[in-house]
J.: 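Below is one structure. I have some questions about it.
Chain letters run A, B, ... following the sequence lines, proteins first, then strands; residues in each count from 1. Side chains are part of it too, since the values below use all heavy atoms of this structure and drop only hydrogens, waters and symmetry mates.
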2 protein chains.
Amino acid sequence: MASPMYRQIAEDLRAQIDAGTLEPGRQLQTELELRERYGASRNTVRDAIKLLTALGLVETKPGQGTFVVRKIDPHVTTLTTNPKTGPGGDITQDSGAARSLSDTGKPKVVFSTDPQVEIQKATTLIANALQIAEGSQVISRHQKRSINRTPWAMQTSFYPMGFVLKGADKLLLADDIGVGTVQYLADTLGLRQVGYRDWISVRTPEVTEATFFSLPPDGRVNVFEILRTGFDQTGTPIRLTITVYPTDRNQFIVNVGDVPETLSPDEQQ
Amino acid sequence: MASPMYRQIAEDLRAQIDAGTLEPGRQLQTELELRERYGASRNTVRDAIKLLTALGLVETKPGQGTFVVRKIDPHVTTLTTNPKTGPGGDITQDSGAARSLSDTGKPKVVFSTDPQVEIQKATTLIANALQIAEGSQVISRHQKRSINRTPWAMQTSFYPMGFVLKGADKLLLADDIGVGTVQYLADTLGLRQVGYRDWISVRTPEVTEATFFSLPPDGRVNVFEILRTGFDQTGTPIRLTITVYPTDRNQFIVNVGDVPETLSPDEQQ
DNA sequence: GGGTATTTGTCCGTATGTATT
DNA sequence: AAATACATACGGACAAATACC
C-alpha cells in the first residue's frame, strides 16, 4: 500500500517547498541530517533528492548543500509581427550589445556574437524546408545570444547557395548585415519575404547546447527548437532559421487578429 | 580527468543507440549482463541507465528489461487561423469521436470528453487575463482529449460569470455547445472575438496531468502550457483557455503573413 | 490458477573521491 | 590544512512485476 520511502520523503519535502516553509534559495538540511530525521539511509535520502532534482524543485552543489531553486524570470519572445508594419520577422539582432527594458523595468542587455558563417551540404531537413536538392550547398550563419550575461538562444540560418551567385555576396561575410538579412535579400535580389511559418517543438539538448546554456548534463531541462521558414511572394522558401531556446528561461507569445497592446503577460503562474 | 564510470557506460550505450546498432524498441542487455560486460557493479550500471532514461533514450519495465524508446509520431497543432476565414481560434473540438487523416495517411480518431463545468473564484492569473477582480466568480469548462486512444491534451476555459447573467446560460451546461463557445457568445451576447493571444511556456506536469497522460513520475517529460486569451472588438478579454499538452507528442505551427499551404512539416529531424 | 525463473525496484551499509568553505 | 557536503562506486538483501510453463 505504502509508496516507497524515498518518494514519501520527496513528497514531504515537496510539501514544505510548495507551502513556502522552504523558500526559494534556501538551503535544505544536509543529507546526514535528513537521514536522521527520516530514519532512512543516506542513499535513500539521496534518491528522494534526486527525484526532486528531476522535478526541477531543488539543486545540489558539491561542498555546499542542497537548495530550493529560484525561478528564473523568463524572457518572452513574440513570434508574430504586427501585420500593419509587415512581416519582417527576423528575430535577428545585431551583434554586439543592445539595451531594452523588461516588463518589470529591469534593464535587459542583449548580446549577440558575430555570425559564424559556413558552407554546408543540405541535410534532409534543410533540403525539405528550402525545397532544394538534398546535398546541395547552403550558407549557414550561426549566432549565439545572451541576455544580461545569461545564455539565451542559439540561432542558425540557412540560405540556398544560389543567392550568393546571384549577387547577395554579403551573406558570406562573418559580419552583421546591418539592415537584417531579410531586408538585404529584398534590396539585392528583390526577394520580398511576405510571410513565414514557425514550427515549434521541444527536445532534449545536444551536448553543445547543454554546454553553452550551462544546462545540467542529465537532460532535465529541455530546449525549444523553432524552425522558421520564410517565403517570398511566389510561395518559394527563401530561408530556414533554426533557433534553440532553453525552456526554463523562455516563453513565447503568438498574436492572431486584432489584439490589444502587450499588457505584460506576467504572473508567471 | 576521466569522467565517472557510469557516464562512460552511458556514453557507450548512447553511441550504439545513435549508430543504430541498438534499434528503437529493442531490448538492452540486462543489468547483470551489462555488469559483467563493463566490469562494474550493478548499481553503477543502473546509474548509467538512469542517465539514459533521463535523456529520454531508453525506458525500463520491471520484470521485463530495458528498451530503446520508440519515437512517438507527434501531433501538430496550428495555432494561427487563416486570416481570410477570420479568427475563430477555438482549438475546441466536439465531445465524442471525430475522424481525420494524419500526414502519413494513418487515420486519427480524436475523442473529447464531455465538458466538466464548475464555478470557481478567479485566481490572480485568471483575473489578470480576463481583467476582472480577483476572487470574482468565473465559469470553468474542462475537457480531456485523446488521439487514437493516446491522451493528448487537457483544456480548461474560463468565462466571466456575467456572461451567464446576460443570457449565455448554456455555458453552465455540461454538454457540448455544438457551434463552439466563441460562436455561441457571438450569437447570444453579440461578442465577436476579433483576435486572440497565445502565451506559450513549458513546465513540469502536475500530478493529475502526469496521471492522465501516463507520464513517468520523475518529471522527465514536460508539458506545454498554452494560455489563449480571446478579445472582442473593444479589446476586452472574453475568455481564457488554458491547454496543456505533453511535449513528447505535440508540436505547433504558427503562420504569419502569406504562407503556402501546409506541406507536411514532417522530417521530425 | 499456481509456481518458478527472470528482471528491475528499493534499501541498506560502507568506502573513497571531489568540490567548497 | 582541515572540515563539510555532495558524488561515485561497491556489494548485498529482499521486494515487486512480468513472463513462461
Side-chain angles (χ1 to χ4, degrees), chain A residues 1-14 17 22 25-69 210-211 214-220, chain B residues 1-14 17 22 25-69 210-211 214-220:
Chain A
M1 49 139 273
S3 60
M5 191 187 304
Y6 78 98
R7 283 204 205 167
Q8 292 183 31
I9 297 174
E11 256 320 303
D12 192 69
L13 291 171
R14 176 180 197 153
I17 293 172
L22 292 169
R26 184 165 151 193
Q27 184 169 5
L28 266 66
Q29 289 173 285
T30 67
E31 294 176 350
L32 292 185
E33 287 168 333
L34 291 173
R35 183 182 91 90
E36 299 208 349
R37 172 169 157 199
Y38 291 106
S41 81
R42 185 178 158 228
N43 279 330
T44 302
V45 168
R46 278 178 62 75
D47 282 344
I49 292 177
K50 267 184 213 164
L51 180 52
L52 294 177
T53 302
L55 293 172
L57 295 173
V58 304
E59 57 188 346
T60 59
K61 300 180 186 175
Q64 298 184 58
T66 306
F67 302 84
V68 181
V69 294
T211 305
S214 306
L215 302 179
D218 57 8
R220 183 171 77 253
Chain B
M1 46 137 271
S3 64
M5 190 186 305
Y6 79 97
R7 284 204 205 165
Q8 292 183 30
I9 297 174
E11 255 321 302
D12 192 69
L13 290 171
R14 179 183 193 149
I17 293 172
L22 292 170
R26 183 164 151 195
Q27 183 169 6
L28 266 66
Q29 290 173 285
T30 67
E31 293 175 353
L32 293 184
E33 287 168 334
L34 292 172
R35 171 178 158 280
E36 299 209 349
R37 171 169 157 198
Y38 290 106
S41 79
R42 182 179 161 225
N43 278 329
T44 302
V45 168
R46 278 177 63 75
D47 281 345
I49 292 176
K50 270 185 210 162
L51 181 51
L52 295 177
T53 303
L55 293 171
L57 294 173
V58 304
E59 57 188 346
T60 59
K61 300 181 187 176
Q64 299 186 56
T66 306
F67 302 84
V68 181
V69 294
T211 305
S214 307
L215 302 179
D218 57 8
R220 186 172 73 252

J.: Could you check if a side-chain atom of Glu59(B) sits within less than 4.5 angstrom of a side-chain atom of Thr66(B), using non-hydrogen atoms only?
T.: no
J.: For the helix from dG2(C)-dC21(D) to dT21(C)-dA2(D), what angle lies between the axis at the first five pairs and the axis at the last five pairs, to 10 degrees?
T.: 20°
J.: Name all residues meeting the salt bridge (charged side-chain N to carboxylate O under 4.0 Å, His left out) criterion together with Arg35(A); count only those two or more places apart in sequence or in a different chain, and write none if there are none.
T.: none
J.: side-chain contact (heavy atoms from CB on, under 4.5 Å) between Leu51(A) and Leu57(A): does it pass, once the steps are laid out?
T.: CA-CA 9 Å; Leu51(A) 180 52; Leu57(A) 295 173; over 6 Å; no
J.: Mind checking what makes side chain to side chain donor-acceptor pair (under 3.5 Å) contact with Thr44(A), not counting sequence neighbours?
T.: Ser41(A)
J.: Holding to salt bridge (charged side-chain N to carboxylate O under 4.0 Å, His left out), I want the full list of residues that pass it with Arg26(B), two or more places apart in sequence or in another chain.
T.: none
J.: Give the rounded distance in Å between these two atoms: CD of Gln8(A) and C1' of dT10(C).
T.: 12 Å
J.: Quick one: closest heavy-atom pair of Gly219(A) and Leu55(B), and the distance?
T.: CA-CD2, 3.7 Å
J.: List for me each residue that meets side chain to side chain donor-acceptor pair (under 3.5 Å) alongside Tyr38(A), sequence neighbours excluded, and say none if there are none.
T.: Asp12(A)
J.: Please state how far atom CZ in Arg35(B) lies from atom C1' in dT6(C), giving the value in whole angstrom units.
T.: 15 Å
J.: Enumerate the protein-to-nucleotides 4-10 of chain D contacts in which both atoms are nitrogen or oxygen and the separation is below 3.5 Å.
T.:
| residue | atom | partner | partner atom | Å |
| --- | --- | --- | --- | --- |
| dC6(D) | OP1 | Thr66(A) | OG1 | 3.4 |
| dC6(D) | OP2 | Glu31(A) | N | 3.0 |
| dA7(D) | OP1 | Thr60(A) | OG1 | 2.9 |
| dA7(D) | OP2 | Arg46(A) | NH1 | 2.9 |
| dA7(D) | N7 | Arg42(A) | NH2 | 3.0 |
| dA7(D) | N6 | Arg42(A) | NH1 | 3.3 |
| dT8(D) | OP1 | Tyr6(B) | OH | 3.0 |
| dT8(D) | OP2 | Tyr6(B) | OH | 3.3 |
| dA9(D) | OP1 | Met5(B) | N | 2.5 |
| dA9(D) | OP2 | Met5(B) | N | 3.4 |
| dA9(D) | OP2 | Tyr6(B) | N | 3.1 |
| dC10(D) | OP2 | Ser41(B) | N | 2.9 |
| dC10(D) | OP2 | Ser41(B) | OG | 3.2 |
| dC10(D) | OP2 | Thr44(B) | OG1 | 2.3 |

J.: How many angstroms lie between atom CG of Leu52(B) and atom CD1 of Ile17(B), to the nearest 0.5 angstrom?
T.: 5.5 Å
